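These notes are about the structure you will find just below.
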Amino acid sequence: MAQLTSMTGFGRAEGALQGWTWAVEARSVNGRNLEVRFRGPPGFDGLERATREAAQARFQRGQITLGVQARRAESDQALVLNEAVLEQYTAMAERLAGRGFAPASADGLLALRGVMETPQEDADAETRAALEAAMTVSIEQALDALAASRAAEGERLAPVITGLIEHIEVLVGQAEAEAAAQTDAIRERFTRRMNELAPDAPDLADRIVLEAAALAARADVREELDRLTAHIDSARSLCGGAAPSTASRSPSPNGGGVGRKLDFLMQEFMREANTLCSKSATTRLTAVGLDLKAAIEQLREQVQNVE
């Protein structure tokens with residue numbers, strides 16, 4: 001059976017190695033195709049490619065944003081005194097002292113911006129490669145967490161979609177009942193109108209039968225109702241309510257591709273509902289058709305989130 005997977009979710013992972021710490025956060029929202037956006041620390045150019053490959057291996061649709069924030073522990077880096085900046089601060093402090101201000105203290109001067117610096121030492125190639133490999137593992141962990149989050153959201157979404165499909169099925173049943181009464185309503189309306197306009201016309205009864213039959217044929221919605229019923233069966237199959245056919249079965253283990261099929265199915269649903277409303281010859285069938293269109297639109301909004 002197919003399993004619905006949402007396109008919205010969140011995943012996070014953390015890691016540490018050789019005085020470095022980092023955090024990875026991955027988020028995803030709806031998207032027609034798979035789009036991956038990456039933000040990472042400078043100097044680790046291979047992380048973006050690793051992110052895209054890992055995302056493509058796990059997802060088929062959705063806009064995914066993944067960010068890596070990394071920092072090196074300050075305790076592992078020696079502090080350097082910037083003599084030039086310190087001299088500038090000292091000179092300014094002496095001028096202020098001459099105007100009556102309290103003299104500057106050593107700890108106060110050392111706390112000023114730019115006096116103490118941390119040298120930016122690039123890691124050697126071997127260390128950087130090890131860090132990049134470890135960060136890649138964290139990226140994969142964050143994407144795994146994102147996939148689990150999307151699957152959990154899909155489980156919560158499934159009963160909502162199933163409920164809307166059942167509601168549409170009820171409305172189609174109501175439309176079938178109303179459509180069955182259309183022929184009599186058309187004949188009665190046409191007979192009354194003809195009797196008002198031409199009560200003495202020759203062969204009036206035969207003309208009424210022929211014209212009413214022609215009007216009823218144009219207003220026949222059985223074909224639309226049959227297609228709506230078939231669409232309901234297809235939607236249930238895609239959502240896991242029945243074993244999908246070979247043609248409908250998703251090619252990927254995570255259920256990807258179902259969302260695209262449901263998107264197309266919603267268009268077909270709405271096409272038949274629109275035709276039903278345009279053919280309706282009674283206000284009651286029109287009212288059911290409008291309710292049907294509203295339910296289909298609600299279903300369409302929900303399936304927009306299915307991968």
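Numbers for residues simply follow the sequence, beginning at 1. Treat the numbers as computed from the prediction; the structure is a model and nothing was measured.
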Qualifying residue, where the test is side-chain contact (heavy atoms from CB on, under 4.5 Å) with Val24 and the options are Thr51, Ile139, Leu143: Ile139
Considering only heavy atoms from C-beta outward, does the side chain of [X] approach that of [Y] to under 4.5 Å?
| X | Y | value |
| --- | --- | --- |
| Arg39 | Thr65 | yes |
| Arg71 | Thr21 | yes |
| Arg95 | Met92 | yes |
| Phe10 | Glu25 | yes |
| Val288 | Glu176 | no |
| Val303 | Met266 | yes |
| Leu292 | Cys277 | no |
| Leu299 | His167 | no |

Counting only heavy atoms not in [X], do more than 12 sit closer than 6.0 Å to its [atom1] atom?
| X | atom1 | result |
| --- | --- | --- |
| Glu35 | CD | yes |
| Phe264 | CZ | no |
| Arg260 | CZ | yes |

Steps toward side chain to side chain contact (heavy atoms under 4.5 Å, CB included) verdict (Trp22, Leu131): CA-CA 10 Å; Trp22 58 86; Leu131 288 169; 4.1 Å; yes
Is a side-chain N or O of [X] found less than 3.5 angstrom from the main chain of [Y], in a donor-acceptor match?
| X | Y | value |
| --- | --- | --- |
| Ser237 | Asp233 | no |
| Arg52 | Val36 | yes |
| Tyr89 | Arg113 | yes |
| Ser280 | Thr286 | yes |
| Glu307 | Gln60 | yes |
| Arg72 | Trp20 | no |

Gap separating the [atom1] atom of [X] from the [atom2] atom of [Y], nearest 0.5 angstrom:
| X | Y | atom1 | atom2 | result |
| --- | --- | --- | --- | --- |
| Leu112 | Leu86 | CG | CG | 9.0 Å |
| Asn82 | Glu87 | CG | CD | 9.5 Å |
| Ile296 | Leu228 | CD1 | CG | 6.0 Å |
| Thr229 | Asp226 | OG1 | CG | 6.0 Å |

Answer yes or no: is there an ion pair linking [X] with [Y], defined by an N-O contact shorter than 4.0 Å?
| X | Y | result |
| --- | --- | --- |
| Arg236 | Glu169 | yes |
| Asp263 | Arg300 | no |
| Glu14 | Arg12 | yes |
| Arg271 | Glu268 | yes |

Least distance between heavy atoms, Pro103 atom then Ala97 atom: CA-CB, 4.4 Å
For Ser278 against Thr275, the heavy-atom pair lying closest together: OG-O, 2.7 Å
Using the rule that two of Ile, Leu, Val, Met, Phe, Trp, Tyr join whenever any of their side-chain heavy atoms come within less than 4.5 Å, decide whether [X] and [Y] are in one cluster.
| X | Y | answer |
| --- | --- | --- |
| Leu276 | Leu290 | no |
| Val137 | Val68 | no |
| Ile161 | Ile168 | yes |

Criterion side chain to side chain contact (heavy atoms under 4.5 Å, CB included) on Gln56 and Leu34, from CA distance to verdict: CA-CA 8 Å; Gln56 290 169 359; Leu34 180 62; 3.9 Å; yes
Verdict with supporting geometry, Glu166 and Thr162, side chain to side chain contact (heavy atoms under 4.5 Å, CB included): CA-CA 6 Å; Glu166 292 174 353; Thr162 301; 3.8 Å; yes
Stepwise salt bridge (charged side-chain N to carboxylate O under 4.0 Å, His left out) check, Glu223 with Arg227: CA-CA 6 Å; Glu223 192 173 330; Arg227 282 197 286 262; 2.7 Å; yes
Test log, rule side chain to side chain donor-acceptor pair (under 3.5 Å), inputs Ser28 and Arg150: CA-CA 9 Å; Ser28 69; Arg150 286 167 53 132; 3.3 Å; yes
Side chain to side chain contact (heavy atoms under 4.5 Å, CB included) between Thr127 and Gln18, worked out: CA-CA 8 Å; Thr127 300; Gln18 298 184 11; 2.9 Å; yes
Axial cation check for Phe44 ring with Arg128, 6.0 Å and 45° limits: yes
